[in-house]
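Accompanying notes for the structure given below.
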Amino acid sequence: MSNLEAIYNAVLDGNAPGAEAGVKAALAAGAPAETVLKDGLIAAMAEVGRLFEENEYFVPEMLVSARAMKAGLAYLKPHLAEGSATPAGKVVVGTVKGDLHDIGKNLVAMMLEGSGFQVIDLGTDVTPEKFVNAVKEHKPQVIGMSALLTTTMPSMSGTVKALTEAGLRGQVKVMIGGAPVTDAFARQIGADGYSPDASSAVRLARSLVGVR
Ligand code: B1M
């Protein structure tokens, strides 16, 4: 079994030490961090989602798989950082109100930090008011919202409205992402951009703050 298969199986089995050991072994064998992420960890979570849809996995299985993914991700974090000497800007990130999914958001935060952004992570279940208060307090150039549930996507629109009502919309760019989110939805709610994954989120944030 290859190291990537070992990572994939460990995440599917909810085996956190196995996922971490697999990531360690794959990196030691020379696999690029991006490959370990995409073909090992992310591929496994996609399969977990499929199994959940097919009623083969239930919430407890999803939860232990998520823990295993996080264990692998924690070890991978320093290897994903692209590193940049110039501070690129400040970004406030969070998963929107009612939504507890944080793996993708954490990945985006990690990649942003790695490319030189200062990241203020508000965590999960973040209300529009909390985003507004964070903009007042931290004065970021960008806020980044993540949603994994179709039912929580409207909270992104709520946050854009709350920023407008607070007179802050002109001071901060808004970027959004998450599996059910689309470019069309971003345009519909008046966000400044959407990205489908963590690498493109970094490119988007850099373009929003005018850093090449
Ligand atoms: Co949930 N869940 N879940 N879940 N879960 C999904 C999202 C689901 C699609 C599964 C399915 O049915 N196939 C489904 C949503 C259906 C829908 O809305 N249409 C679902 C459901 C239904 C639920 C519950 C309602 C289940 C229940 O209780 N009956 C419940 C809701 C809880 C809540 O949030 N209130 C629930 C709970 C959970 C767990 C807690 C068990 C766990 C989350 C643990 C955690 O995050 N700490 C969980 C998991 C793990 C999943 C799946 C299997 C995996 C999500 C994940 O981590 N993917 C997911 C199925 C799936 O997505 N295939 C599913 C890996 C991650 C790297 O990808 O998050 O997409 P992703 O992030 C990507 C991009 O989207 C993008 O970049 C990331 C990296 O490339 N991105 C951004 C994300 N945010 C971005 C922000 C940006 C830019 C890009 O800019 C700011």
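Positions are given from 1, in the same order as the sequence printed here. We count ligands from 1, going down the list as the structure has it; atoms in each ligand are counted the same way. For clarity, every value in this text was computed on a predicted model and none was experimentally measured.
Shown here, atom 59 (C) of ligand 1 is out of close reach of the protein: none of its heavy atoms lies under 4.0 Å off. Distance remark: protein heavy atom not present below 4.0 angstrom from atom 8 (C) of ligand 1.
Between Thr151 atom OG1 and Asp99 atom CG the span is 7.0 Å, to the nearest 0.5 Å. Distance NZ/Lys90 to CD1/Ile143: 14.0 Å, rounded to 0.5 Å. Remark: Lys136 NZ to Gln171 CD distance equals 10.5 Å, nearest 0.5 Å.
Using a 4.5 Å cut-off on side-chain heavy atoms (C-beta onward), Asp102 and Lys105 make contact. The closest side-chain heavy-atom distance from Leu163 to Val172 is below 4.5 Å. Within the 4.5 Å cutoff, side-chain heavy atoms of Met153 are placed close to those of Pro180.
Salt bridge status for Glu53 with Arg50: absent, with no side-chain N to carboxylate O gap under 4.0 Å. Using a 4.0 Å cut-off between charged side-chain N and carboxylate O, Asp197 and Arg203 make no salt bridge.
By the 4.0 Å heavy-atom criterion, Arg67 is excluded from the residues contacting ligand 1. Ligand 1 is never approached by Pro180 to a heavy-atom distance shorter than 4.0 Å. Judged by the shortest distance from any of its heavy atoms, Ser65 lies outside the 4.0 Å radius around the atoms of ligand 1. Thr151 does not count as a contact of ligand 1, since none of its heavy atoms falls under 4.0 Å from the ligand. Ligand 1 lies within reach of Leu107, whose nearest heavy atom is under 4.0 Å from it.
Those atoms of ligand 1 with a heavy atom of Lys70 less than 4.0 angstrom away are 47 (N). Ligand 1 places these atoms under 4.0 Å from at least one heavy atom of Met175: 90 (O), 91 (C). Proximity to Gly49 (heavy-atom distance under 4.0 Å) selects the following atoms of ligand 1: 13 (N), 53 (C), 60 (C), 63 (N). Taking every non-hydrogen atom of Ala198 and a distance limit under 4.0 Å, the qualifying atoms of ligand 1 come out as 77 (O), 79 (C), 80 (O). Each of the following atoms of ligand 1 lies closer than 4.0 Å to a heavy atom of Asp99: 34 (O). Close approach of ligand 1 to Glu53 is summarised as follows: ligand atoms under 4.0 Å from at least one heavy atom of the residue are 11 (C), 12 (O), 13 (N). Atom numbering of ligand 1 starts at 1 in the shown order; those under 4.0 Å from a heavy atom of Gly144 are 91 (C).
One hydrophobic cluster, built from ILVMFWY side chains closer than 4.5 Å, cannot hold both Ile103 and Val96; they sit in different ones. There is no path of hydrophobic side-chain contacts, each under 4.5 Å, that joins Met145 to Val108. Ile176 and Leu112 sit in two unconnected hydrophobic clusters of ILVMFWY residues. Membership requires side-chain heavy atoms under 4.5 Å apart, directly or through other members. Transitive grouping of hydrophobic side chains (ILVMFWY, heavy atoms separated by less than 4.5 Å) brings Leu41 and Met62 into a common cluster.
At a heavy-atom cutoff of 4.0 Å, ligand 1 is contacted by both the backbone and the side chain of Ile103. At a heavy-atom distance under 4.0 Å, atoms from both the backbone and the side chain of Ser195 approach ligand 1. Only the backbone of Ile176 comes within 4.0 Å of ligand 1, judged by heavy-atom distances. Residue contacts with ligand 1 for Ser200 are absent, since no atom lies close enough (heavy atoms, distance under 4.0 Å).
Among the candidates Leu4, Val11, Leu12, the single residue satisfying the side chain to side chain contact (heavy atoms under 4.5 Å, CB included) test with Tyr8 is Leu12.
Among Leu100, Asn106, Val11, the residue whose heavy atom lies nearest to atom 34 (O) of ligand 1 is Leu100. Considering each of Met62, Lys97, Met145, the one bringing a non-hydrogen atom nearest atom 52 (C) of ligand 1 is Met62. Residue Gly178 holds the heavy atom nearest to atom 81 (N) of ligand 1 of all those in Gly178, Gly104, Ala191, Ala46. With atom 20 (C) of ligand 1 as the reference point, the heavy atom nearest to it among Ile143, Leu112, Leu149, Val64 is part of Leu149. Of the listed residues (Thr150, Leu37, Val174), the one carrying the non-hydrogen atom nearest atom 19 (N) of ligand 1 is Thr150.
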### Query
Can you check salt bridge (Lys or Arg N to Asp or Glu O under 4.0 Å) on Lys38 and Glu34, steps first, answer last?
CA-CA 6 Å; Lys38 282 190 187 143; Glu34 287 280 341; 3.8 Å; yes
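On a distance-only criterion, Ala66 and ligand 1 share no N/O pair closer than 3.5 Å.
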